[in-house]
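Here the structure comes first, spelled out in structure tokens, and everything after it is commentary.
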Amino acid sequence: MATEDYNQLFTENKELWEKRTDEHLGSEFYNVEEFIKGKSSLNRFELELVGDVMNKSLLHLQCHFGQDTLSFARLGASVTGVDFTSSAIDAARKLNNKIGTNATFHCCNVYDTRQHVKDHYDIVFTSYGTIGWLPDLKPWAEAISASLNSGGQFIIVDFHPVMWMLDEDYSNMKYSYFNDEVIITESTGTYTGNRNLHAPMKENGWNHPLSDIIGSLLNTGLQLETFKEYNGSPYNCFPGMKLDNDGLWRFEKWERKLPLVYGLKFRKTDLC
Ligand SMILES: C[S@@+](CC[C@H](N)C(=O)[O-])C[C@H]1O[C@@H](n2cnc3c(N)ncnc32)[C@H](O)[C@@H]1O
């Protein structure tokens with residue numbers, strides 16, 4: 001399928017995300033009130049991989065309504081966020097004004113990043129719930145590579161492709177590990193808790209094996225520096241999870257047996 005053939009599927013996904021934004025803004029999960037008071041929304045996995053951001057430029061892809069983007073701004077980065085949901089980008093701009101940071105936000109498909117963002121960055125970042133919305137990682141990886149300064153780094157921390165093989169209850173294997181086809185499901189709500197937010201809507205997703213994720217980035221010439229897998233999630237956003245004594249959430253059924261999150265760090269060198 002050519003990228004332009006995915007437009008209908010993107011439109012359906014965007015409608016879903018427009019419906020979710022208000023719900024998320026008022027949710028305990030995102031806890032905007034505490035964020036405004038100064039609480040960071042970033043977790044230990046990404047903080048460890050990204051490292052010190054003071055005086056660095058950072059581009060955040062699929063930034064939703066910008067809490068992570070703005071958390072990096074509070075740590076001293078000069079930040080830009082990209083997302084295709086206009087209500088989320090509006091909310092991100094309002095939050096930016098409210099807390100007095102100096103972020104820029106663009107509303108566009110992540111594939112079109114370079115049409116909207118002309119600068120080059122020390123860090124490109126994306127996390128938790130990102131590439132599962134993308135059919136093809138080649139244009140995604142190309143946009144990342146094209147957005148980096150020489151010497152710059154790309155960091156992704158996201159839910160593990162093994163986890164996306166599980167069914168809606170996360171209790172049995174249902175979907176292919178490989179990107180064989182679009183996975184079309186029906187959604188009536190969202191991961192922040194309200195599972196009955198709207199009438200059934202189509203949700204179009206894609207599974208990407210680690211070989212595709214890593215391979216797409218290597219193919220642009222980026223060099224792999226760090227690859228991590230974690231058996232717990234910092235978020236309680238799937239049914240059947242329980243908080244463990246290390247502060248991470250795990251499926252009660254699977255205990256510590258499954259990889260739930262992975263992290264990758266790539267570097268753009270002069271040779272790229
Ligand atoms: C789960 S959020 C990820 C951000 C972050 N983990 C958070 O919770 O704030 C997924 C975001 O991806 C965005 N998104 C999905 N498909 C996209 C696309 N093709 N281009 C740009 N943004 C997209 C949605 O609008 C949503 O804001």
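As the structure lists them, so they are numbered: ligands from 1, and atoms in each ligand from 1.
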Report yes or no: does a heavy atom of Phe65 sit under 4.0 Å from some atom of ligand 1?
no
Quick one: does Ser127 get within less than 4.0 Å of ligand 1, heavy atoms only?
yes
Looking only at heavy atoms, is any part of Tyr30 under 4.0 Å from ligand 1, and if so is it the side chain, the backbone, or both, or is it neither?
side chain
For the residue pair Lys228 and Phe45, establish whether any side-chain heavy-atom pair is separated by less than 4.5 Å.
no
Which protein heavy atom lies closest to atom 13 (C) of ligand 1, and at what distance to 0.1 Å?
Asp83 OD2, 3.3 Å
Taking distance alone, with N or O pairs closer than 3.5 Å, would you say Thr85 contacts ligand 1?
yes
Relative to the ring of His64, is the ring of Tyr30 parallel (under 30°), tilted (30 to 60°) or perpendicular (over 60°)?
tilted
Measure Tyr128 to ligand 1 on non-hydrogen atoms and call it side chain, backbone, both or neither using the 4.0 Å cut-off.
both
With nothing but distance in play, are any N or O atoms of Gly129 less than 3.5 Å from an N or O of ligand 1?
no
Is Glu18 salt-bridged to Lys14, going by a charged N under 4.0 Å from an acidic O?
yes
What do you reckon, does Gly66 put a non-hydrogen atom under 4.0 Å from ligand 1?
no
Would Tyr191 count as a contact of ligand 1 if the rule is a heavy atom under 4.0 Å away?
yes
Below 4.0 angstrom from a heavy atom of Cys108, which ligand 1 atoms are there? Numbered from 1 as shown, please.
21 (C)
Closest protein heavy atom to atom 20 (N) of ligand 1, given as residue, atom name and distance to 0.1 Å:
Val110 N, 2.9 Å
Please list, in number order, the atoms of ligand 1 under 4.0 Å from a heavy atom of Leu134.
19 (N)
Is it true that Glu34 and Lys37 make a salt bridge, defined as a side-chain N closer than 4.0 Å to a carboxylate O?
yes
Quick check: closest heavy atoms across Thr130 and Ser127, and the distance to 0.1 Å?
CG2-O, 3.3 Å
Look at atom 2 (S) of ligand 1 and find which of Phe29, Tyr6, Trp17, Phe10 reaches it with the closest heavy atom.
Trp17
Looking at side-chain heavy atoms only, is the closest gap between Asn149 and Lys268 below 4.5 Å?
no
Ligand 1 contact by Asn13, heavy-atom criterion under 4.0 angstrom:
no
N/O donor-acceptor pair under 3.5 Å between Arg267 side chain and Gly151 backbone
yes
Exam field: side chain His208 to backbone Leu134, donor-acceptor pair closer than 3.5 Å
yes
Output yes when a side-chain donor or acceptor of Asp167 lies under 3.5 Å from a complementary backbone atom of Ser171, and no otherwise.
yes
At under 4.0 Å between heavy atoms, what of Ser41 touches ligand 1? The answer is neither
Any side-chain heavy-atom pair from Val110 and Phe84 closer than 4.5 angstrom?
no
